[in-house]
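Below you'll find the structure, written out as structure tokens, and then a few comments.
Numbered from 1 within each chain, the chains take letters A, B, ... in sequence-line order. Computed from a predicted model, the values in this text were never measured in an experiment.
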Number of protein chains: 2
Amino acid sequence: MSAQPLDSSEHRSGALLDHLARRMRLRSESVLAPLGLRPRHLVALTVLRAGGGTGQQALATILEMDSTNIVGLLNDLEAKQLIERRRSPEDRRRHVVELTDNGAKRLSEAECALATAEDEVLGALDPAERETLYKLLSRASTGTAVNCTEAICVADDAC
Amino acid sequence: MSAQPLDSSEHRSGALLDHLARRMRLRSESVLAPLGLRPRHLVALTVLRAGGGTGQQALATILEMDSTNIVGLLNDLEAKQLIERRRSPEDRRRHVVELTDNGAKRLSEAECALATAEDEVLGALDPAERETLYKLLSRASTGTAVNCTEAICVADDAC
DNA sequence: AGGGATCATTCGTGAAGCACCAACTATTTA
DNA sequence: TAAATAGTTGGTGCTTCACGAATGATCCCT
């Protein structure tokens with residue numbers, strides 16, 4: 001414990017994260033509407049793509065949403081055939097949730113459509129910086145998913 | 001295998017941003033409650049610290065909130081004496097919003113209190129990576145806001 | 001000076017997200 | 001068999017937030 005003895009940097013990213021996420025979400029909504037998706041759906045799909053084959057409860061934990069609300073979310077996605085619920089053979093109580101091919105395709109389309117939104121929000125960052133940002137966010141959200149043990153650490157361009 | 005055969009960067013940070021912001025916000029709420037603040041207050045304070053002396057309308061633009069809702073937000077902060085509204089001498093219709101000393105202090109306290117929350121959410125990143133993340137987020141959030149005449153020139157610590 | 005636009009404010013309304021509770025089914029486990 | 005677990009459904013209530021309407025103060029233009 002006691003991992004923060006002294007901190008020369010008071011730099012907390014929380015508020016900035018909140019701020020940028022909001023700005024992104026506002027733009028995403030209008031961009032995603034024609035695709036029949038909402039930002040939260042994208043989040044779920046993204047998580048599923050990163051670590052598919054999870055039960056709904058695990059998903060609830062990852063997304064930190066109430067399990068009862070997960071159901072509705074997945075109902076939406078299943079109705080659009082973007083995900084599939086299959087009973088786990090090991091534990092037949094469990095519904096294993098996985099992205100369908102259609103879902104993966106739609107997710108890609110959505111991400112593509114988000115390019116302009118991202119341009120507006122992350123306009124101050126050049127492509128390399130955005131990629132760095134993506135990698136950091138990705139690592140933070142999955143904890144491990146990204147293999148790539150390469151010391152990427154480009155990022156030093158600033159400062 | 002080939003890691004990324006398709007488009008070099010389909011990598012959209014939107015969903016990840018949303019996801020992490022949510023996780024951070026959930027933790028922030030409980031941490032901030034004893035301080036009488038909520039995540040959105042922190043966002044506002046952070047923005048004000050970065051580019052103080054803005055009118056409320058400009059603030060509404062930056063935060064992308066409706067101006068009528070900004071009022072309530074600022075009322076909260078003013079009631080706690082974390083900000084001050086002063087009439088602009090140039091345009092007396094305008095209320096120039098600025099962080100008070102008390103507000104800056106409280107913001108620092110809050111950020112300090114958020115350390116554990118951030119540890120939980122960004123646990124997969126080491127300090128250097130977190131600093132990189134902070135810098136990227138910071139640049140992104142101040143870089144594209146409203147290029148109005150402001151040009152506050154934050155120029156915070158070091159670097 | 002008059003008229004229109006702008007800033008801030010207040011109030012109200014309605015939609016949406018979400019946490020929470022309760023009850024139910026199917027299945028596993030002790 | 002009894003208890004625990006995974007999912008589902010339905011309902012309730014709180015909070016956030018966008019949007020509209022009305023007001024007072026002030027600026028700017030003619």
Side-chain angles (χ1 to χ4, degrees), chain A residues 15 18-19 21-30 32-33 36-44 48 53-79 83-98, chain B residues 15 18-19 21-30 32-33 36-44 48 53-79 83-98 146 148-150:
Chain A
D18 214 327
H19 184 202
R22 174 186 171 79
R23 301 184 59 181
M24 190 76 84
R25 187 161 17 90
L26 288 175
R27 287 161 177 74
S28 300
E29 275 176 19
S30 53
L32 258 41
L37 293 173
R38 327 200 85 220
R40 106 156 69 76
H41 293 134
L42 262 232
V43 174
L48 283 173
T54 53
Q56 304 186 194
Q57 181 131 347
L59 204 57
T61 305
I62 294 173
L63 295 176
E64 300 205 49
M65 288 179 60
D66 194 278
S67 358
T68 62
N69 294 113
I70 292 282
V71 177
L73 184 59
L74 293 182
N75 285 350
D76 289 351
L77 295 174
E78 196 174 34
I83 61 152
E84 256 184 11
R85 290 194 247 216
R86 271 174 294 176
R87 300 218 87 107
S88 166
E90 304 143 1
D91 185 342
R92 292 184 41 76
R93 289 171 302 182
R94 203 173 274 162
H95 274 173
V96 174
V97 183
E98 267 176 5
Chain B
D18 213 326
H19 184 201
R22 174 186 172 79
R23 301 184 58 180
M24 190 76 84
R25 195 173 56 251
L26 287 175
R27 285 161 178 75
S28 301
E29 275 175 18
S30 54
L32 259 40
L37 293 172
R38 329 201 84 218
R40 71 158 42 143
H41 294 135
L42 262 230
V43 175
L48 283 172
T54 53
Q56 303 186 194
Q57 181 131 349
L59 205 58
T61 306
I62 295 173
L63 296 176
E64 300 206 50
M65 288 179 59
D66 194 279
S67 0
T68 63
N69 294 113
I70 291 282
V71 177
L73 184 59
L74 294 181
N75 284 350
D76 289 350
L77 295 174
E78 195 174 34
I83 61 152
E84 257 184 10
R85 289 195 248 217
R86 273 173 293 178
R87 299 218 88 107
S88 166
E90 305 140 1
D91 185 343
R92 292 186 41 75
R93 288 171 301 183
R94 200 172 274 163
H95 273 173
V96 173
V97 183
E98 266 176 6
V146 199
C148 283
T149 53
E150 294 304 329

Separation of D:dA18 P from A:R23 CZ (nearest whole Å): 14 Å

d(CG, B:D66; P, C:dG14) in whole Å: 17 Å

Whole-Å distance separating the CZ atom of B:R94 from the P atom of D:dC27: 11 Å

Rounded distance in Å - CG (B:L26) to P (C:dG17): 16 Å

Check: A:R87 and A:R94 side chains under 4.5 Å, non-hydrogen atoms: no

Length of the CZ-P vector between A:R92 and C:dT27, whole Å: 5 Å

Of B:E64 and A:Q57, the one whose closest DNA chain D nucleotide lies more 5': A:Q57

C:dT9 phosphate, OP1 or OP2, under 4.0 Å from B:H95 side-chain N/O: yes

Sub-4.5 Å side-chain heavy-atom contact between A:L73 and A:H41: yes

A:L59 and A:L74, any side-chain heavy atoms less than 4.5 Å apart: yes

Sugar-phosphate, base or nothing in reach of A:R22, heavy atoms under 4.0 Å: sugar-phosphate

Pairwise distance CZ(B:R27) to CZ(B:R22) - rounded to 0.5 angstrom: 10.5 Å

Spacing between B:L77 atom CG and C:dT9 atom C1', to the nearest angstrom: 16 Å

Presence of salt bridge, A:E64 and B:R25, under 4.0 angstrom: no

Spatial distance of atom CD1 (A:I70) from atom CG (A:L63) [nearest 0.5 Å]: 5.0 Å

Phosphate OP1/OP2 of D:dG7 contacted by A:N75 side-chain N/O (<4.0 Å): no

Touch class at under 4.0 angstrom, heavy-atom based, for B:T68 against every strand present: base

Separation of D:dA25 P from B:Q56 CD (nearest whole Å): 17 Å

Spacing between A:E29 atom CD and C:dA16 atom P, to the nearest angstrom: 11 Å

Touch class at under 4.0 angstrom, heavy-atom based, for B:G72 against every strand present: nothing

Of residues 83-91 of chain B, the positions that come close to DNA chain C - non-hydrogen atoms, cut-off under 4.0 Å: B:R85

Side chain of B:R93 (C-beta onward), nearest among C:dT6, C:dT28, C:dT9: C:dT6

Any side-chain heavy-atom pair of B:V71 and B:Q56 under 4.5 Å: yes

Nearest-nucleotide pick for A:V71, side chain only, options being D:dT8, C:dC18, C:dC20: D:dT8

